[in-house]
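Below, all heavy atoms of this structure are taken into account, side chains as well, without hydrogens, waters or symmetry copies.
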Amino acid sequence: MSARPLGSISGTVVRGDGRGRALGFPTANLCGDGGDLPDDGIYAAWVVVDDLGERMPASVSVGSNPTFAGERPRRVEVHLHDVDIDLYGRHLRVELVAYLRPTLTFAGADELVAQSRLDVASCREALGRDV
């Protein structure tokens, strides 16, 4: 039995700052379809690329990335687990399954990476994946 989604977000993947890839957690930055965004935080989600039907597990960040200096607009960043594919220009449908935690500000990249590892593990658990 799958978890009931909290809602969905869809959009086209656009170039971001490139920090996620440099930190070992590449993210697909979504240019939204104009829908309302959920509360800021980290979510477990299932993602479908280009309506191909295959659901892939993902960690999703909604918020302004407060760890990095500068004023930033809210954004949606999707980290697909165990997949390294070029998503630029592709359409993603993101089904949010579980809210994991609020957005946090970290002292630096090392703390962010450590928490991201924990977030991926929490996502796997929430999605029922023991990988």
Side-chain angles (χ1 to χ4, degrees):
M1 178 181 203
S2 63
R4 184 173 172 210
L6 298 174
S8 64
I9 304 168
S10 62
T12 302
V13 178
V14 297
R15 293 212 179 268
D17 299 327
R19 282 194 194 96
R21 181 165 300 284
L23 296 173
F25 291 89
T27 59
N29 293 269
L30 294 189
C31 179
D33 291 346
D36 291 331
L37 293 179
D39 292 341
D40 286 4
I42 306 301
Y43 295 82
W46 291 109
V47 175
V48 176
V49 179
D50 291 332
D51 293 325
L52 297 178
E54 180 186 355
R55 294 186 326 160
M56 293 182 265
S59 306
V60 178
S61 171
V62 177
S64 61
N65 299 339
T67 295
F68 301 103
E71 193 167 322
R72 302 175 173 284
R74 292 179 77 217
R75 59 178 77 181
V76 176
E77 294 180 290
V78 178
H79 170 66
L80 295 178
H81 300 173
D82 309 316
V83 178
D84 187 13
I85 56 177
D86 183 3
L87 294 171
Y88 292 120
R90 298 180 79 178
H91 186 268
L92 303 186
R93 186 180 77 237
V94 180
E95 297 172 9
L96 302 174
V97 174
Y99 176 84
L100 300 177
R101 65 170 177 84
T103 299
L104 303 172
T105 302
F106 298 96
D110 290 342
E111 285 184 20
L112 174 59
V113 168
Q115 181 62 54
S116 295
R117 287 187 182 113
L118 294 173
D119 292 339
V120 168
S122 295
C123 283
R124 291 184 198 284
E125 184 177 326
L127 296 172
R129 293 180 55 93
D130 187 20
V131 179

Using atom types as modelled, flag every donor-acceptor pair under 3.5 Å from a side chain in residues 106-118 to any protein atom, sequence neighbours excluded.
{"from": "Glu111", "atom 1": "OE1", "to": "Ala107", "atom 2": "N", "distance (Å)": "3.3"}
{"from": "Gln115", "atom 1": "NE2", "to": "Asp119", "atom 2": "OD1", "distance (Å)": "2.8"}
{"from": "Ser116", "atom 1": "OG", "to": "Leu112", "atom 2": "O", "distance (Å)": "2.9"}

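- Residues Ile42 make up the rest of the hydrophobic cluster containing Leu100, defined by ILVMFWY side-chain heavy atoms closer than 4.5 Å, directly or through other members.
- Between the side chain of Asn29 and the backbone N or O of Arg15, no donor-acceptor pair lies under 3.5 Å.
- Scanning all heavy atoms of the two residues, the minimum distance from Gly41 to Thr103 falls at N-OG1, 3.2 Å.
- Hydrophobic clustering keeps Met56 apart from Leu52 (ILVMFWY residues linked when any side-chain heavy atoms are closer than 4.5 Å, directly or through intermediates).
- Considering all non-hydrogen atoms of both residues, Tyr43 and Pro38 come closest at OH-CB, 3.5 Å.
- For the pair Leu37 and Arg74, the tightest heavy-atom approach, listed with the atom from each and the gap, is CB-NH1, 3.8 Å.
- At least one side-chain heavy atom of His81 sits under 4.5 Å from a side-chain heavy atom of Arg124.
- Side chains of Arg75 and Ser64 form no contact here, defined as non-hydrogen atoms less than 4.5 Å apart.
- Shortest non-hydrogen contact noted between Val14 and Cys31 is CG1-CB, 3.6 Å.
- His79 contributes no side-chain N or O that, together with a main-chain N or O of Val60, makes up a donor-acceptor pair within less than 3.5 Å.
- Looking only at distances, no side-chain donor or acceptor of Thr12 sits under 3.5 Å from a matching main-chain atom of Gly89.
- In this structure, OG in Ser8 is found 7.5 Å from CG in Leu96, a value given to the nearest 0.5 Å.
- Shortest non-hydrogen contact noted between Ser59 and Val120 is OG-CG2, 3.7 Å.
- Considering Leu87, Val94, Thr27 in turn, Val94 is the only one that fulfils the side chain to side chain contact (heavy atoms under 4.5 Å, CB included) rule with Val78.
- Side-chain contact check for Glu54 versus Val48: every heavy-atom pair is 4.5 Å or farther apart.
- Val13 has its side chain within reach of Leu30: a pair of non-hydrogen atoms, C-beta onward, lies under 4.5 Å apart.
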